[in-house]
Visitor: 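Provided herewith is a single structure, encoded as structure tokens, for subsequent inquiry.
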There are 2 protein chains.
Amino acid sequence: MDYWFTDSLPYLLNRAGVALGETFSKRIARYDVTLPMYRVLAILRQTGPKSLGELSSLVSVEMSTLSRMIGTMTKAGLVTRIRPPENGRVVSIEITDKGAALADELMQIAMRFERGILGDMDAAAAHELKTLLRQISQRIDRL
Amino acid sequence: MDYWFTDSLPYLLNRAGVALGETFSKRIARYDVTLPMYRVLAILRQTGPKSLGELSSLVSVEMSTLSRMIGTMTKAGLVTRIRPPENGRVVSIEITDKGAALADELMQIAMRFERGILGDMDAAAAHELKTLLRQISQRIDRL
DNA sequence: CGTAAATACTTGCAACTGAAACATTTGCGC
DNA sequence: GCGCAAATGTTTCAGTTGCAAGTATTTACG
């Protein structure tokens, strides 16, 4: 057998992803935000308003799930749903001041978290890793 | 701001992981196996019987979830639960012949799938990627 | 040896998820 | 313009998940 499952890319990717996600989730739990919520906030904060569909693909979350999530985030005062006059079937999600402040705070935590993990890793290697991950995503999309 | 969320490691990792998982899940759906089930089968097939706890950490799935999953896999005749005489509180999960045959078939698909993604990527780069992913997991475990 | 603590797993329950059905708005062909 | 198909979100419902509590077995300790 020339194939070893625990050396396969999907396995290693999942393992690292789950571990990272779980650990980071704990760090932000006290802000009453889940990891996907943080991702939404960070993206809105750094790239401005987005439609549900755009957000869905950016954060890799099903649209139905995201729709509900935006509902609870709206109740929490972190984002607002806006129906743009020029296109009535789109919903534009915008971050509130409160949401932006929270995003800033959480991104500080994320920065430190990432440094803690990549910290003593060769900077070039870290960059290489990210480049490869981007390539993987692209290749799958084209598949 | 010297931090760009969509360039962060957890984001890129999640994005690639979700995309890979979704695509591969579709490829094995017709065998009536979910992705986590495939992982269980592959590990059992390649490394022999495992306790629930071991499996849980190997496949990154909660033990309660896994316990139920093993239940349905047992009903499907893919694995068996065995209570070893020497330690009655452990449950040893063993793969059946049917499960082994399925695992072999699915691993062939996984092999081709991985080749399709890493195919035209530099072999050294692919290896580097895996090494880095392993390092990430280790660093988090120690965190 | 008997009881308390630890280990390993299972189950109950509330919350969450994904697929399908539904609703609304837009654009296209005529 | 009018009807119909496509685009975009929302809601419903059945199935799944994770946490906490429960059960069973083994180990430790007085």
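Bear in mind that the values here come from a model prediction, so they are computed numbers and not experimental data. Every chain is numbered from 1, with letters handed out A, B, ... down the list of sequences.
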Visitor: Leu52(A) has an atom CG; how far is it from atom P of dT24(C), in whole Å?
Guide: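 Result: 17 Å.
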Visitor: Whole angstrom is fine here: how far is it from CD in Glu62(B) over to P in dT10(C)?
Guide: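 Answer to the nearest Å: 14 Å.
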Visitor: If only side-chain N and O atoms of Ser67(A) are considered, is one of them under 4.0 Å from the OP1 or OP2 phosphate oxygen of dG9(D)?
Guide: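 No.
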Visitor: Could you tell me whether the side chain of Arg68(A) has a donor or acceptor atom within less than 3.5 Å of a complementary atom in the base of dG18(C)?
Guide: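 By the distance-only test, yes, there is a pair.
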Visitor: For the residue pair Phe24(B) and Tyr38(B), does the interplanar ring angle fall in the parallel (under 30°), tilted (30 to 60°) or perpendicular (over 60°) class?
Guide: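 If you compare the ring of Phe24(B) with that of Tyr38(B), the planes turn out tilted.
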Visitor: Taking the nucleotide of DNA chain C with the closest heavy atom to each, which residue, Ser51(B) or Glu86(A), is nearer the 5' end?
Guide: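 Counting from the 5' end, the first nearest nucleotide belongs to Ser51(B).
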Visitor: Can you find a side chain N or O atom of Ser64(B) that sits less than 4.0 Å from OP1 or OP2 on dC19(D)?
Guide: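 Checking Ser64(B) against dC19(D): no side-chain N or O falls below 4.0 Å of OP1 or OP2.
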Visitor: Please indicate whether Asp97(B) has more than 12 foreign heavy atoms, meaning atoms of other residues, nucleotides or ligands, lying under 6.0 Å from its CG.
Guide: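 Incorrect, the count does not exceed 12.
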Visitor: Across the strands shown, which category fits Arg83(B) at heavy-atom distances under 4.0 angstrom: base, sugar-phosphate, nothing?
Guide: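 Arg83(B): no heavy atom of the nucleic acid under 4.0 Å.
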Visitor: Taking CE from Met63(A) and C1' from dT10(D), how many angstroms apart are they, rounded to a whole number?
Guide: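 After rounding, the gap between these two atoms is 9 Å.
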Visitor: Any luck finding a side-chain donor-acceptor pair between Thr47(A) and Lys50(A) under 3.5 Å?
Guide: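 Judged by distance alone, the side chains do pair up.
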Visitor: Counting side-chain heavy atoms from C-beta on, which of dA7(D), dT10(C), dT26(D) comes nearest to Arg89(B)?
Guide: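 Closest nucleotide among those given: dT26(D).
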